[in-house]
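For reference, the structure is listed below as structure tokens.
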Amino acid sequence: MGKFNWRALEKKWQKKWAWSKIDETDPDPRRPKYFVTAAYPYPNSPQHIGHARTYTIADVNARFHRMNGYNTLYPMGFHYTGTPLYAMAKRLSQNDREIIETFTKIYGIPAAKLDGIKEPRKMADFFRDDIKKGMVEIGFSVDWRREFTTADRLYNRFIQWHFRWLNKRGYITQGTHPVAWCPNDKNPVGVVDIQGDIEPEIGDSHIVKFEGDGTVYPTATLRPETIFGVTNIWVNPDSQYVRAQVDGEPWVISKDTVDTLEHQNHTVSVEKEIPGTDLLWKTVVNPLTKASVPILPADFVEPDNGTGLVMSVPGHAPYDYQALIEVKARYESSPEPHESLEKIQPISIIRLEGFSEFPAADIVKKFDVKGQDDPRLEDATKELYSKEFHNGVMNDNAQPYSGMSVENAREAVVRDLTSSGKMSIMYELLNKPLVCRCGAKLVVHVVDKQWFINYGEPEWKKQAHQCLDEMTILPEERRNEFNYAIDWLRERACARKVGLGTKLPWDPDWTIEALSDSVIYMAYYILAKYLNKNWLAFKKFEKDPEKLPDSFFNYIFLGGGSSESVARETGISKRILEAIRKEFNHFYPVDMRHSGKDLVSNHLSFYIFHNTALFAENQWPKGIVANGFVLMEGEKMSKSLENIVPLRQAVAKFGADPLRLGVLATAELNQDTDFSPALATTIQERLVNLIQQSRKLGRKRTGRATYSILDRWMLSRLNASVQSATAAMERLRVREVVNIVLYHLENDAAWYQRRLGPKKAKGDARNHVLRQVFDLKSRILAPLAPHVAEEMWAALGNKGLVAKAEWPKPNDKLADRIAEASESMIKDTLEDTSEILKATGLTPKRITYFVAGPWKWQIYQKALNVAVQSQTDQGSFIRDVMSEPELRSIGKPAADFASKAIRQATQMKEELRKSRVGLELKEMKILEDAMDFFSREFKAEIQVGQEGEKRVSDPKDRARSAEPYRPAIFIE
Ligand SMILES: [Zn+2]
């Protein structure tokens, strides 16, 4: 076999698909519709193999539904707006080395081209073109007539309508809220802007104002209720601190805190710097207990965490307990002024069942902590905090809060201290450090008059839950993540001051950000088909989008108003308006939304929220697939590992279909799949083999045929494969389908051909059967490996495209229990014989098979019957068998076999037992029919005899050991 020309195969079929418009879908009232979408790409770089999985699964789903008679729509657009593209173009225009190397080395973009794509729009156009070519080359059946970009002027107009609608519903708020912030871009950032695609989490900590010499020493804590147990304050002696006026009060804080406070709307002016060592041994006053406590040194204090000052609660905080032990040990032998250290003892303030009065001491011991930098301290802290928060009760040292649960005491302390001006809030990034795509470390910034989408709105949340409850989620295991995300989502910044995008209609200083302008665009695919026709009626609005009134969108998408009035207002003909409205009603809602698992907590949840906010309940989303990632030879793909393969290069190298199967074959939806060139090569070979076998079968039809039991076996296996492939496809368990068609069915066909042997006998039905096998194989492969499937389909002489053929239906008439049982007996007999030959090293001249006598079948059937009814008392079974005169006359052999048969029958797998009960094989005939086969396999003469008959000689008395399904074997 020469090198297979994948490119020629792909081009040939892609041309025919385009010619017969398999992917162009218009409304068809005679058929049910199916609308599938996948997350549109950000064209800020080319796509790589990692991107292929989601789109391939979506394409498989679309093609599968087409074959099942659905009027299936699979469109695609491009996301130009938001910061990712903007950030990438900016880095390129600043000649960022990493970006230049990624583009030139990994993606093979000629360096001379880079100058032309430094402007965001040009970069987007360049990569859109590349991504689209890749999607065509890999064979995605996308309706490109509906393509659009989110920078299209009428798309911006659509998003303005969307936002005015949200605003009207009260889902947009403006306020002062903390957001994750890039100090370099001076803008809020979300998951798409952060390296590693991490969703920022912001939490509040409480600033407790200790005082000394008229100066505030603010400590930040997540556990303000432990203020009663404070024995001292920690500072890091190696850090720099400052004295500064903060909102008019003199504060001592770490140098890093100045920035943090300024980002959070505090006015800070630094007066002087103070080395950490200068703060040691001062005393400060606890604002609640009024106790004086010293400032002591601790290494675990990080200057950029909180304020750089930490209140120490050694009775209940493992870090503080450990640091106190160490500070005491360090200064034990030194004289003045540290004698007071002796007096510092932990203070117990919380009663906790199962712990001593100092739970921190218990847990430090339990975790066997070795020092302040021991990572086990973190685990110890988490465990104790959670236990105390949920089960702890404040004790008598915590007057006046004693007797309160920790949870209630926390609220009370915060309320009381805040009202007396001794406490304030500080926001922190809980999952820091986070780094912006531009390279800057993120901070929390409190923005004035920031615009938010309020996902915390209770009615809206309820609707989102209702929608989710009725949706198909694949894999189902992800449903909990959605429930959690919907519960947890609150206000979310929805606008930025930079980036491409749609201006907020009522405040054009702001641009709507990328995760807010991409949640209802699936509806826009309907409209885009009409806009792309370049009709004069739309032309004027493209020039002047502001002139397109909201009533247009209200009518198209919500059925508001009337076509007459919108036609009058817009000059667009009533006929066109009605056609668009009708088409929207035909295709909406989206039946299946495909995306990666990383988008569950943001994009996919927002998608549910927004669709329920805008559209009628019967047009809410129906399903979501969130698949895992693609690994490259077991590793995560990353620039640093240099294992990123650009998609178009991969298609050129491995072929479209091997690549498609390569990203589907090793994992079900939930898991990450593992691609490797070796896997692609194996798949290539299997696919080429399928094409060659189809060509060998050729176009010539054979006449009627009479099926042997072996033929019926093959057709029965084929039918079982159709059944399981259909069930798997309906849940998009694509790996299973790949296994069925490439491996299981292939093994069955190989066995069938091995059994038949090379010579064709007269009346041989093999071609007749194999044509059916290959016909169904090409249909089952059609969604997965569409090019190869078409080639097979055509080679077999079928008319038309397999893409338009029907998905095979299981046919109960083909299921054949007897054929399956007899073939499995042949397989077992072949195996048993081979094993004997291997063990004895014999070269056989003659092999004789003895089938079990009729009385053994009689006992065997009885045993199966008894086992099916799960009455398994061995003794009574044997008595029962021996009570029949005919069997009793056989004597001890009958009793022995009865005991063996009942044991086998009860231990057998239920499925096998069910398939054998009531079934009597004509073993003699089956083996006689297979004599040629065995003789070919073992190059020996074959004889078949039956236990109890003297027709065939049995010098070693082997026939005695024959059992149903397990003939006795005699080798000479
Ligand atoms: Zn940045």
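We count residues from 1, following the sequence as given.
Side-chain contact check for Asn670 and Arg478: at least one donor-acceptor pair (N or O, by modelled atom type) lies under 3.5 Å.
Under the 6.0 Å cut-off for aromatic ring centres, Tyr70 and Phe64 do not qualify, their centroids lying 6.0 Å or more apart. Under the 6.0 Å cut-off for aromatic ring centres, Tyr74 and His65 do not qualify, their centroids lying 6.0 Å or more apart.
For the pair Thr150/Tyr40, a side-chain contact is recorded, criterion being any heavy-atom separation below 4.5 Å from C-beta on. Side-chain contact check for Pro786 versus Arg660: some heavy-atom pair is nearer than 4.5 Å. Taking 4.5 Å as the limit, every side-chain heavy atom of Gln47 sits out of range of all side-chain heavy atoms of Asp130.
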Exercise for review: Let me see the working for Arg593 and Val625 under side chain to side chain contact (heavy atoms under 4.5 Å, CB included), right down to the final yes or no.
Suggested key: CA-CA 6 Å; Arg593 170 89 184 141; Val625 179; over 6 Å; no

Review point. Taking it one step at a time, do Glu147 and Lys132 satisfy salt bridge (charged side-chain N to carboxylate O under 4.0 Å, His left out)?
Key: CA-CA 10 Å; Glu147 182 187 352; Lys132 185 173 170 180; 2.7 Å; yes

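Qualifying side chain to side chain contact (heavy atoms under 4.5 Å, CB included) partners for Gln195, counting only residues two or more places apart in sequence or in other chains: Val435.
Ring geometry for Trp488 against Tyr484 counts as parallel: the plane angle stays under 30°, on a 0 to 90° scale with 60° as the upper cut.
Residues Thr25 and Thr72 approach most closely at OG1-O, 2.7 Å, considering heavy atoms. Pairing each heavy atom of Ser93 with each of Lys90, the nearest pair is OG-O, 2.8 Å.
A cation-pi arrangement is found for Lys16 relative to Trp13, the charged atom lying closer than 6.0 Å to the ring centre and inside a 45° cone about the ring normal. A cation-pi arrangement, defined by a distance under 6.0 Å to the six-membered ring centre and an angle within 45 degrees of its axis, is present between Arg63 and Trp17. A cation-pi contact links Lys597 to Phe629, judged by a cut-off of 6.0 Å to the six-membered ring centre and 45° from its axis.
Counting only residues at least two apart or on different chains, the ring pair (Phe, Tyr, Trp, His ring centres under 6.0 Å) pairs with a member in residues 645-685 are Phe654-Phe675.
Tested against Tyr80, the residues Asp152, Asp125, Thr149 include a single side chain to side chain donor-acceptor pair (under 3.5 Å) partner, Asp125.
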